[in-house]
Amino acid sequence: MRYWLIKSEPYKISIDDLAAMPEQTTAWFGIRNYQSRNFMRNQMSPGDSVFFYHSCCAQPGIVGIAKVTQAAYPDATQFDPSSRYFDAKATEQNPRWFNIEITYVKKTRLLTIKELRRYPELIRMRILQQGNRLSITPIDPTEWKFILNILEKPITQVIK
DNA sequence: GCCAACGTTGGC
DNA sequence: GCCAACGTTGGC
């Protein structure tokens with residue numbers, strides 16, 4: 001049982017989009033970064049918990065919680081020449097890219113990256129490191145609990 | 001829109 | 001296997 005943070009550009013798939021999907025579930029396809037692929041293929045498994053993060057938008061931050069509901073399998077878009085995620089070097093026998101599936105759990109308040117940076121307990125988070133661009137990052141169990149705790153408190157008690 | 005940081009590609 | 005060039009990410 002592990003913890004993760006997954007970035008999504010809300011104009012592609014927002015937390016509301018995820019909630020509106022059939023079964024509130026989607027394949028997390030289109031990841032074309034080896035480190036993120038390896039996390040999915042080697043480590044992510046059903047039952048893992050996920051912070052859903054909006055990036056590349058006016059207010060980047062954590063917006064909800066999801067869970068992994070399907071272990072990694074080959075990403076179908078790599079075989080589809082009409083897809084922007086097509087990869088000519090991938091074959092059915094030797095797929096290069098994988099996706100897991102995630103399912104909506106709940107929305108949270110917006111916990112912005114700006115706010116995340118204010119907690120010394122979170123300074124080691126990957127997404128807060130300079131230049132970090134990984135769209136899937138592991139979250140330390142201690143950090144997970146810390147963030148959950150922040151999310152449960154009224155905002156007025158958290159921000160000075 | 002800018003730009004720093006990083007990953008990937010490809011010539012050698 | 002090096003490394004320059006290029007493309008992408010993502011906060012601001």
Side-chain angles (χ1 to χ4, degrees), chain A residues 2-21 26-44 48-68 72-102 104-140 142-144 146-148 150-151 155 158-160:
Chain A
R2 292 183 166 93
Y3 301 101
W4 306 94
L5 183 143
I6 292 184
K7 293 181 196 169
S8 182
E9 300 178 27
Y11 78 90
K12 289 182 183 159
I13 300 183
S14 70
I15 187 71
D16 290 327
D17 294 334
L18 179 62
M21 297 255 175
T26 185
W28 207 249
F29 62 89
I31 302 296
R32 295 293 180 268
N33 168 281
Y34 287 103
Q35 264 186 283
S36 295
R37 179 206 67 179
N38 291 345
F39 283 140
M40 288 196 288
R41 194 186 58 184
N42 306 342
Q43 296 189 33
M44 297 179 87
D48 287 2
S49 294
V50 174
F51 284 131
F52 197 95
Y53 180 98
H54 283 175
S55 66
C56 282
C57 55
Q59 296 264 46
I62 292 171
V63 293
I65 293 174
K67 62 184 174 186
V68 178
Y73 58 91
D75 177 341
T77 60
Q78 71 193 303
F79 308 124
D80 176 4
S82 68
S83 169
R84 62 172 295 214
Y85 299 116
F86 177 66
D87 184 341
K89 292 179 180 167
T91 62
E92 306 260 0
Q93 293 72 30
N94 194 13
R96 182 180 283 193
W97 306 110
F98 290 78
N99 58 238
I100 47 129
E101 289 182 6
I102 62 168
Y104 175 84
V105 174
K106 64 175 181 180
K107 278 178 87 164
T108 64
R109 73 169 173 89
L110 171 67
L111 205 182
T112 62
I113 188 168
K114 194 176 169 191
E115 184 184 343
L116 288 170
R117 289 191 193 284
R118 298 169 68 154
Y119 301 105
E121 292 88 344
L122 301 179
I123 52 169
R124 297 184 63 237
M125 283 180 71
R126 293 283 284 274
I127 56 153
L128 301 185
Q129 307 307 310
Q130 188 180 29
N132 173 75
R133 302 187 319 182
L134 268 186
S135 64
I136 298 177
T137 51
I139 297 286
D140 194 89
T142 315
E143 292 166 347
W144 178 273
F146 185 84
I147 293 170
L148 272 194
I150 293 170
L151 290 170
I155 193 164
V158 186
I159 305 207
K160 293 123 207 144

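Within every chain, numbering begins at 1; the chains are lettered A, B, ... in the order of the sequence lines, protein sequences first and strands thereafter.
Taking for each of A/R133 and A/Y53 the nucleotide of DNA chain C with the nearest heavy atom, the 5'-most of the two is the partner of A/R133. Comparing A/Q35 and A/K89 against DNA chain B, the residue whose closest nucleotide sits nearer the 5' end is A/Q35.
Nucleotides of DNA chain C lying under 4.0 Å from heavy atoms of chain A occupy a range whose first and last members, 5' to 3', are C/dG7 to C/dC12.
Every side-chain contact (heavy atoms from CB on, under 4.5 Å) that A/S36 has, sequence neighbours left out, goes to A/I31, A/N33, A/L134, A/S135, A/I136. Not counting sequence neighbours, the partners of A/R37 by the side-chain contact (heavy atoms from CB on, under 4.5 Å) test are A/Y34, A/R41, A/R96, A/W97, A/F98. A/D16 is linked by a salt bridge (Lys or Arg N to Asp or Glu O under 4.0 Å) to A/K107, counting only residues two or more places apart in sequence or in another chain. In this structure, A/Y73 has no ring-ring contact (aromatic ring centres under 6.0 Å, His included) partners at least two apart in sequence or on a different chain. Taking A/S55 as the reference, A/K7, A/E9, A/Y53 meet the side-chain contact (heavy atoms from CB on, under 4.5 Å) condition, with sequence neighbours excluded.
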